[in-house]
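Just below is one structure, and these are the notes that go with it.
Below, chains carry the letters A, B, ... as their sequence lines are ordered, and counting in each starts from 1.
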There are 4 protein chains.
Amino acid sequence: MISFECDYNNGAHPLVLQNLIANNDARPTAYGFDEFSERAKEKIKRACGMPDAEVFFLTGGTQTNATTIDSMLYQYEGVICVETGHINVHEAGAVEFTEHKIITLPAEKEQGPDGKERGNGKMSPQVLDKYLDDFMHDGNNAHAVYPGLVYITFPTELGTLYTAHELDEIYQVCQRYEIPLYIDGARLGYGLMADGNDITLPYLARHCDVFYIGGTKIGALCGEAVVFTNRRAHKHFFSIQKQHGAVIAKGALIGLQFEALFSEAPSCGVRGTSCENTLETGNHDVQGNLVPRTSHLVARKDEILYYKLSRHAIDMAMRMKELFRRKGYEFYIDSPTNQQFVIISNEEVERLAQRVEFTHWGQADKRHTICRFVTSWATTEEEMQTLERILF
Amino acid sequence: MISFECDYNNGAHPLVLQNLIANNDARPTAYGFDEFSERAKEKIKRACGMPDAEVFFLTGGTQTNATTIDSMLYQYEGVICVETGHINVHEAGAVEFTEHKIITLPAEKEQGPDGKERGNGKMSPQVLDKYLDDFMHDGNNAHAVYPGLVYITFPTELGTLYTAHELDEIYQVCQRYEIPLYIDGARLGYGLMADGNDITLPYLARHCDVFYIGGTKIGALCGEAVVFTNRRAHKHFFSIQKQHGAVIAKGALIGLQFEALFSEAPSCGVRGTSCENTLETGNHDVQGNLVPRTSHLVARKDEILYYKLSRHAIDMAMRMKELFRRKGYEFYIDSPTNQQFVIISNEEVERLAQRVEFTHWGQADKRHTICRFVTSWATTEEEMQTLERILF
Amino acid sequence: MISFECDYNNGAHPLVLQNLIANNDARPTAYGFDEFSERAKEKIKRACGMPDAEVFFLTGGTQTNATTIDSMLYQYEGVICVETGHINVHEAGAVEFTEHKIITLPAEKEQGPDGKERGNGKMSPQVLDKYLDDFMHDGNNAHAVYPGLVYITFPTELGTLYTAHELDEIYQVCQRYEIPLYIDGARLGYGLMADGNDITLPYLARHCDVFYIGGTKIGALCGEAVVFTNRRAHKHFFSIQKQHGAVIAKGALIGLQFEALFSEAPSCGVRGTSCENTLETGNHDVQGNLVPRTSHLVARKDEILYYKLSRHAIDMAMRMKELFRRKGYEFYIDSPTNQQFVIISNEEVERLAQRVEFTHWGQADKRHTICRFVTSWATTEEEMQTLERILF
Amino acid sequence: MISFECDYNNGAHPLVLQNLIANNDARPTAYGFDEFSERAKEKIKRACGMPDAEVFFLTGGTQTNATTIDSMLYQYEGVICVETGHINVHEAGAVEFTEHKIITLPAEKEQGPDGKERGNGKMSPQVLDKYLDDFMHDGNNAHAVYPGLVYITFPTELGTLYTAHELDEIYQVCQRYEIPLYIDGARLGYGLMADGNDITLPYLARHCDVFYIGGTKIGALCGEAVVFTNRRAHKHFFSIQKQHGAVIAKGALIGLQFEALFSEAPSCGVRGTSCENTLETGNHDVQGNLVPRTSHLVARKDEILYYKLSRHAIDMAMRMKELFRRKGYEFYIDSPTNQQFVIISNEEVERLAQRVEFTHWGQADKRHTICRFVTSWATTEEEMQTLERILF
């Protein structure tokens, strides 16, 4: 049985683990005020091209969203989100638990590969603008929930990406109404390294007020890095984090992982190099397949492990996409990232499910299911080959 | 500079780390539904002598307290706690953040080693009984907050311990009023393995409705195990956990650590044994000092790593206590566990602080400070020797 | 300037005020445990044909919704509501403030009088059933918010009504999934007394688990009566009310008003009768226009002031509707209750607004506005005549 | 049976009711934006000598406390209060329900009339200063709850009063630490009009950042007026009010009552005057006993109904106090306001309780009970005479 069910059923990248091991006997200051966390923050700020950014580490995505959103809002404010946004559908009400409403807007529509029109998971700057304009002109808005933050995801829950132009448009709307923009980057790397993406980390950092860089899904055991731009971090963010149960005593656990993820890793993971031998105890040869990329975007970022891992998942996803295409399947939506949504007949689904793990995303029609297949930094050459054998 | 500031400025025990490394390439089911977590839960239930217990893993102490307490209470109920209880003073209002009041009672008084009477951090069964009796007979209690849970810590924030008899008394009061009892075991092992302690893990499990076994402070990088007895776990505890941001995607991270902590570890950490060599990359020889104990209590528990690590901290703490006593210092309270509270003149404090890290706990009088020195599973022989050199 | 802006810009019906005055020197037990409140509850239960119902008095609609909903839900549950539901759009996030998510479903569509299809503010039993079925079969629903209550309004925010059959269908869905049904009756009387309505108060009471009878909009200065059927009231509802700040010390204020509203009032408000003379101090001759109705439904309910007041508003609304129709205006939706939604050209709107107060409900198209005109129990014959003069 | 159980088991003063009646047929703007409310606010500001104050009307005390406190705090902040403070003991956790901790300090001690030392319900400026100083110097305070507001009551729950000097001292501490001061004035008038009190309404307004003027307990059916000084009102206070369910649709109900309470009432309530005859329907001759006072403080305030009503309660309380003293009873505490705490033997308590309603406040010792007897603006001469007959 191989698994393309999600991008978090794996461990840590060996270099990440290595950093934990190498510093296991240090006496790091507690609660994230340690030197490793400091170094990691410096590296992240450098990668963002933003020396003034403020960085905080949290443990997981839902926790990061709830804590960050709560810290940005007054009690009477809500957060704007498209209907399919992660905080609206898959976080068990963690935002409402902090007493804030999620104000939903319909997602942008696009024609799927099968010709049908459907939501693509992205917020439309026009829809957002219209909503905010209506709200500001509504004489009764004191009885409604004030919009206090705009939340978008990059990539979206459907694997789609905003273009640099689209992000700019959204941020301009936000700035016009003086409402901060928050980008959920649970899979940020998988967006940044996608073919055709024209958004870089520094560009993204300059086009929002706060975002987070997902570690859990890209190489770490746990951990997300919240980055506030424009000095927007709450001056008591740490206390708010603590109040949310979102501080861990041994904060270095996350700092060490991000330090590794944002370090140069020239020969990392490539078979036969020194770093492959680091961890004799596990059979971690999987990542040996990471091959140097030559495209412009990738070349510039080549040094950082986070990008490398992300790019690997994209390579795997594109191969997977090609397999499904060759097989003749249709796609629910055209995703350039590590999540692929394939429309498969119900009988086929049943047969496949005996040999591959994937997610039943929804019903396409009575006879077909939308199936989600996900690659990650940890997807192996062997798994890809097995999938090919299963399909053909 | 050596540090006795706290018991969480360290990494993981090598055997814990080893388990993470060895299984790093597995494809564990997400959100804690993996085989490692299942095995860890089985081991914990066995150690508790309670096959029917329900076990959940969370990341840190504050999170565990807030989530567990919230899950046990109706919205109009509060949790009873002594004034010095951790949830009341050091968790940034995480319980109130879930909308529940902490109802405080004065702690039991005892004579300190200096002859002065002071709170010892323990709840008095008599005070609890009186409070509950008054409440139940108060005709206006519909305007007050209903007591819905009793919270105690073992060991307490002052390092003190309940005797088996005292715990039984408290639990009897709870049962009489049909209010569940919750024990915060952030440092559970350090209590269980203390000299003179007559409470075993199975005894504790049978004398409360829910408790947690602290991993963060005893050998793990992060992680606490909540154990519900008497089938008291909320049937949707997982969703409540998620809503609190207290679920991590790679739940195996905690499961693997507890699997190691609750496994037999006969020769673990002893110099010259195979497990010492496990991790070449760090200088983890510290734990080599763990020596077999011969007392009755310890003998019974000898196999489990969690107990061994805990006992090591107690050994170190008792040596430290002896050092301070030899030096002529007085103690604020007589603690049999890994936290020692020493009364030191302010000039001395300043001098010491240049060579040892410790916590300024409070003012003893105008000229003296209460200083907290903490050992842990990771305290080394070298650190103890350095402390001795500094003191003498 | 006359006002058809809303149904709460007025005082109390004279008989309601009279009851307050007559008992002003009593010494009623505080917090609603007085004899007047008891008598009012008995009258309400009798009107509902449900001697076992549990009745509570609160002050206003938003407070009633938030308190009742919160009392019915576990912390991880949310309340299902159509997108245009009052709690979702006009209560400033009061439900989310209690930490519960509002799960929105699209409202039923119907053809407006202008031929265009639009949401009619009603929940569709089919859409509800589909949503619940999907949820129950979703293997990942532990990450979502559990539906714990269904909320509908009668009449809806658009003045529309469920038929007895439709309500029955919805309640059957709720019962199938064991989810209680809550009906917001802020304007309950205006629905019950509408032409064509086939739902009686006892029928409504038997087809839900909790509902509230709005007093503020129908004859009272303030006050709503929550009615729990099927013994569904939380056993500590009073404490939950108090916790919400929803208890008033002089609870008799609401009890006395509902006592009057649910008492027989044969000659009430008719000019020349004794009750007209009750309050010499005000110029309250307005209500003198209440004339006995002869239709079957009304005849049965003739005795209760609440019904009489409600029917008066309907009579006025139907006359108003006829005026707009005669004038040639189109309606946004066909409402049989006291709220009428008229489509008026923007120029006309501006002109009208100088002589009548009404609400700009939304944009119909670029040149037309949806205008809401509302009658109430207090609408006078003179106001209707003035409106006619303005229109023609 | 006569009742001295509380000061809210009565109706409204006739002049208050009169104002409701006289304007019952107006069409006031909804939600408190009506002319009556505006006029009432102007009168309140004038009485406070503070034209810049911001005034809001709410329905009851618990609601007012929870809404005001929540509006003044950031999410990570708590409110400081003495242990016996109303919000800490009698509001069913309404403050914690808004997610804020109540940080308790021990009340000031004073010698009771019986020679025993006990808490007097007042906050000590020294204790407050010490607490804040310790907090600000605590290196770990990011793990605690930040003090964001100081809450005191005037009069306190024990009927005691701060002197002008004491209030000034507390406010100076607050200002030194930049923490606003909030005064709960549920019984404000009963404090202002007490013998020996040297605090006037303008003085009080200048020595805090927000306070409320209780209407429910002094002449109104419901309603409290929150007064923000120093422009401290949250700019969206209305929305926060709505979110708390603390807005009533017919806001004029409260505005009209406060308009009456803060109007001149020279001959009000005096037998034989025109205003006595206002309400023929009730036997409200009770207030006829209000006699003109001659002391300096009272003379200045003579015109305002609120003061007159308050003074009446004080006159009655002082007569009652004298009765108990003559009878030889001891007092728990020396209260100059409308609440008197009398120590009575348990047998006597049982006998008295058959003829008078009062509150069992607590146990004085095994044989004696602390009994609370309360007068109000509505206490009658007849009730006082009956009490005298019962006692002697």
Side-chain angles (χ1 to χ4, degrees), chain A residues 2-3 5-6 8-12 14 17-18 20-30 34 58-67 91-94 96-98 216-217 220-222 239-250 252-253 278-279 281-286 357 378, chain B residues 2-3 5-6 8-12 14 17-18 20-30 34 58-67 91-94 96-98 216-217 220-222 239-250 252-253 278-279 281-286 357 378:
Chain A
I2 52 170
S3 176
E5 198 181 3
C6 64
Y8 38 84
N9 57 353
N10 49 62
L17 213 45
Q18 175 61 27
L20 290 176
I21 297 163
N23 297 287
N24 190 49
D25 291 333
R27 285 269 178 274
T29 307
D34 60 278
L58 288 94
T59 316
T62 297
Q63 181 186 91
T64 301
N65 284 331
T67 307
E91 299 194 347
E96 289 87 356
F97 181 62
T98 71
T216 299
K217 295 186 171 96
L221 289 166
C222 64
S239 289
I240 295 172
Q241 230 185 300
K242 179 90 182 181
Q243 183 187 37
H244 279 250
V247 167
I248 57 173
K250 297 182 179 174
L253 165 61
T278 305
L279 296 167
T281 52
N283 64 332
H284 53 279
D285 54 11
V286 168
E357 286 177 356
Chain B
I2 53 170
S3 175
E5 199 181 2
C6 65
Y8 38 85
N9 58 352
N10 49 63
L17 212 45
Q18 173 61 25
L20 290 177
I21 296 163
N23 297 287
N24 190 48
D25 290 334
R27 285 267 178 273
T29 308
D34 58 279
L58 289 94
T59 316
T62 297
Q63 180 184 91
T64 301
N65 283 331
T67 306
E91 298 192 348
E96 289 88 356
F97 181 61
T98 70
T216 300
K217 294 187 172 91
L221 290 165
C222 64
S239 289
I240 295 173
Q241 232 186 298
K242 179 90 182 180
Q243 184 189 37
H244 279 252
V247 167
I248 58 173
K250 297 183 180 172
L253 165 60
T278 307
L279 296 167
T281 52
N283 64 333
H284 53 280
D285 52 12
V286 169
E357 287 177 357

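When heavy atoms are compared at a cutoff of 4.5 Å, A/Ala220 approaches chain B solely by way of its backbone atoms N, CA, C and O. Contacts between A/Ile248 and chain B at a heavy-atom distance below 4.5 Å involve the side chain alone, from C-beta outward. Interface remark: B/Ala12 contributes backbone and side-chain atoms alike to the contact with chain A (heavy atom separation under 4.5 Å). Looking at B/Leu253, only its side chain comes within 4.5 Å of chain A, counting heavy atoms on both sides.
Residues B/Ala249 and A/Thr216 approach most closely at CB-CG2, 3.8 Å, considering heavy atoms. The nearest pair of heavy atoms linking B/Ala378 to A/Arg27 is O-NH2, 2.8 Å. A/Ala92 and B/Ser239 make their closest contact through CB-O, 3.9 Å (heavy atoms, listed as atom of the first residue, atom of the second, distance).
Ring geometry for B/Phe97 against A/His244 counts as tilted: the plane angle lies between 30° and 60°, on a 0 to 90° scale.
In terms of non-hydrogen atom pairs under 4.5 Å with chain A, the most contact-rich of B/Cys6, B/Pro28, B/Ala30 is B/Pro28.
Within the 3.5 Å criterion, the main-chain N or O of B/Gly11 finds a donor-acceptor partner in the side chain of A/Lys250.
Between A/Leu20 atom CG and B/Leu20 atom CG the span is 8.5 Å, to the nearest 0.5 Å.
At a heavy-atom separation below 4.5 angstrom, chain B is approached by A/Thr59, A/Thr62, A/Gln63 within residues 59-67 of chain A.
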